[in-house]
Amino acid sequence: ALDPASPGKAAALWQSLGAIALTKAAAGGGEIDREALVREVTGSGQYLLAGQRHFRAAGLALAEMTRHALLDIDHNIAGVVLSRQPIIEAVHSALDQGRYVEIRGGAGVGKSAVLRHFAEQAESECPIVLLTPNRTVGPGWVALRDALRIPGSAREFLSDLAARGGGLLLVDNLDFFTGQSERATVVDLIREAVNVPGFRVIVTARREFGVEEPSWVPTDAVLRLGAAPPVPVGDLSDADIEALRAGAPALRTLLSDSHPARSIVRNPYR
């Protein structure tokens, strides 16, 4: 039952199961379903479970889909990869305040790159689902389920993923999900994530998303998840510029504080 990341803990897991059984017995007996039992066992953070066998092939397919989507996100400038660590830390802090976090910023400021950095740091701790405009199967959960050959409901599958240390649903570039088919898949998964304790949702969007026209993200689901304050992403900081100057000497002149294009090249995309 244990994930390979929890070696040598079989005896301790058995003791935990025994303690849960004794607690139930002391209360006059009762029952507990698998989902609730998994939450009790993994709630302490001591154990990571491997998940149910019949979901493992689908989980591997999902992990591969997410890996390809992550690789699509460009995160280097002239061969230099900026960590944007203060923003990453702000995302972590936001997750302490709610299970739904928006990373907001203008065009080209590196929101997707921040999401990739966060995902790569988090993937050793929990399963990740990444949906992007160009790689989302639709319409809706049923289409994604059939594509990955998932033998169960969305809630069962997400609960199984969450047994391995929680789960993250990442949605990149909400502004560019223009097709109803792909939007339906995102909406279905956000709604299902609400019912899975430990599953969190992080999205990226431009500042004006949901302002000039209504947001298509389900408001009721966001309220139930608990929305943290948005994490703003702006142009490159002084520390980012110093890292670029050191890692890409050919850019030093362009990145000087006195260069006429100073305000333009502080944008990572440009």
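We number each residue from 1, following the sequence as shown.
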> Mind running side-chain contact (heavy atoms from CB on, under 4.5 Å) on Gln121 and His92 for me, showing each step along the way?
CA-CA 11 Å; Gln121 289 182 14; His92 280 289; 4.1 Å; yes
> Kindly determine whether Val217 and Val203 satisfy side-chain contact (heavy atoms from CB on, under 4.5 Å), including the steps that lead there.
CA-CA 10 Å; Val217 177; Val203 305; over 6 Å; no
> Heavy-atom distance under 4.5 Å between the side chains of Arg104 and Pro232, does that happen here?
no
> Could you walk me through whether Arg99 and Phe199 satisfy the side-chain contact (heavy atoms from CB on, under 4.5 Å) test, starting with their C-alpha distance in whole Å, then the side-chain angles of each, then the deciding distance to 0.1 Å, before giving a yes or no?
CA-CA 7 Å; Arg99 292 169 58 200; Phe199 227 96; 4.2 Å; yes
> Any side-chain to backbone donor/acceptor pair from Lys111 onto Gly106? Under 3.5 Å, distance only.
yes
> Which heavy atom of Arg84 sits nearest a heavy atom of Asp235, and at what distance?
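Heavy atoms of Arg84 and Asp235 come nearest at NH2-O, 3.9 Å.
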> Mind listing the closest non-hydrogen atom pair of Pro151 and Ala58 along with its distance?
CD-CB, 4.4 Å
> Please set out all donor-acceptor pairs under 3.5 angstrom arising from side-chain atoms of residues 218-226, sequence neighbours excluded.
{"residue": "Arg224", "atom": "NH2", "partner": "Asn195", "partner atom": "OD1", "Å": "3.1"}

> Strictly distance-based, threshold 3.5 Å: is any side-chain N or O of Ser256 a donor or acceptor partner for the main-chain N or O of Thr253?
yes
> Quick check: closest heavy atoms across Gly138 and Ser181, and the distance to 0.1 Å?
C-OG, 3.2 Å
> Indicate the atoms forming the closest heavy-atom contact of Leu236 with Pro268, along with that distance.
CD2-CG, 3.5 Å
> Before you tell me yes or no, could you show the steps for Met65 and His68 under side-chain contact (heavy atoms from CB on, under 4.5 Å), namely the whole-Å CA-CA distance, both residues' side-chain angles and the distance that decides it to 0.1 Å?
CA-CA 5 Å; Met65 183 188 82; His68 287 307; over 6 Å; no
> Got a sec, which hydrophobics cluster with Val114, joining ILVMFWY side chains under 4.5 Å apart, including via others?
Leu70, Ile73, Ile87, Ile88, Val91, Leu95, Val101, Ile103, Val109, Leu115, Phe118, Ile128, Leu130, Leu168, Leu170, Ile202, Val231, Val233
> Can you get from Ile20 to Trp14 by hopping between Ile, Leu, Val, Met, Phe, Trp and Tyr side chains that sit under 4.5 Å apart?
yes
> Once rounded to the nearest 0.5 Å, what's the spacing between atom CG of Leu169 and atom CD of Glu192?
11.5 Å
> When rounded to the nearest 0.5 angstrom, what is the spacing between CG in Leu2 and NZ in Lys9?
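Separation between the atoms: 8.5 Å.
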> Side chains of Arg266 and Ile241: closer than 4.5 Å at any heavy-atom pair?
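Arg266 vs Ile241: side chains touch.
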> Taking all heavy atoms of Ala193 and all of Leu158, pick out the closest pair and write down the distance.
N-CD1, 3.9 Å
> State whether the side chain of Arg200 and the backbone N or O of Gly166 hold a donor-acceptor pair below 3.5 Å, judged by distance alone.
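No; judged by distance alone, with no hydrogens or angles, the pair does not exist.
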> Would you call Trp141 and Val187 a side-chain contact if the rule is heavy atoms closer than 4.5 Å?
no
> Does any N or O in the side chain of Glu156 come within less than 3.5 Å of the main-chain N or O of Ser153, such that one atom is a donor and the other an acceptor?
yes
> Have Asp188 and Thr185 got a donor and an acceptor in their side chains that come within less than 3.5 Å?
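Thr185 and Asp188 do not have a side-chain donor-acceptor pair below 3.5 Å.
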> Apply salt bridge (Lys or Arg N to Asp or Glu O under 4.0 Å) to residues Arg245 and Asp238 and explain how you reach the verdict.
CA-CA 10 Å; Arg245 287 172 179 158; Asp238 291 342; over 6 Å; no
> Does any N or O in the side chain of Asp160 come within less than 3.5 Å of the main-chain N or O of Phe157, such that one atom is a donor and the other an acceptor?
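No.
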> To the nearest 0.5 Å, tell me how far Arg191 CZ sits from Arg155 CZ.
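These two atoms lie 15.5 Å from each other.
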> Does Leu37 belong to the same Ile/Leu/Val/Met/Phe/Trp/Tyr cluster as Leu13, with side-chain heavy atoms less than 4.5 Å apart forming each link?
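In one cluster with Leu37: Leu13, yes.
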> Quick one: SG on Cys126 to CG on Leu161, what's the gap to the nearest 0.5 Å?
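Answer rounded to 0.5 Å: 9.5 Å.
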> Take a 6.0 Å sphere around CZ of Arg207 and say whether it holds more than 12 heavy atoms from other residues, nucleotides or ligands.
no
> Would you be so kind as to tabulate the donor-acceptor pairs closer than 3.5 Å made by side chains of residues 171-179, with sequence neighbours excluded?
{"residue": "Asp172", "atom": "OD1", "partner": "Ser112", "partner atom": "OG", "Å": "2.9"}
{"residue": "Asp172", "atom": "OD1", "partner": "Thr204", "partner atom": "OG1", "Å": "2.6"}
{"residue": "Asp172", "atom": "OD2", "partner": "Ser112", "partner atom": "OG", "Å": "2.8"}
{"residue": "Asp175", "atom": "OD1", "partner": "Arg206", "partner atom": "N", "Å": "2.9"}

> Is there a side-chain contact between Ile77 and Leu244, using heavy atoms and a 4.5 Å cut-off?
yes
> Sub-3.5 Å donor-acceptor pair from the side chain of Arg116 to the main-chain atoms of His75, do we have one?
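A pair under 3.5 Å: no.
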> Taking a hydrophobic cluster as the set of Ile, Leu, Val, Met, Phe, Trp and Tyr residues connected by side-chain heavy atoms closer than 4.5 Å, whether directly or through intermediates, do Val186 and Val142 fall within one such cluster?
yes
> Rounded to the nearest 0.5 Å, what separation is found between the CZ atom of Arg262 and the NE2 atom of His259?
12.0 Å
> At their closest point, which heavy atom of Ala78 faces which heavy atom of Leu251, and how far apart are they?
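That closest heavy-atom pairing would be CB-CD1, 3.8 Å.
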> Can you measure from CG (Leu131) to OG1 (Thr136) and round to the nearest 0.5 angstrom?
4.5 Å
> Could you check whether any side-chain heavy atom of Val265 comes within less than 4.5 Å of a side-chain heavy atom of Arg270, counting everything from C-beta outward?
no
> Given the rule that I, L, V, M, F, W and Y join up when any side-chain heavy atoms are under 4.5 Å apart, are Ile32 and Val41 in one cluster?
yes
> Would a distance-only check, ignoring hydrogens and angles, find a side-chain to backbone donor-acceptor pair under 3.5 Å from His117 to Leu82?
yes
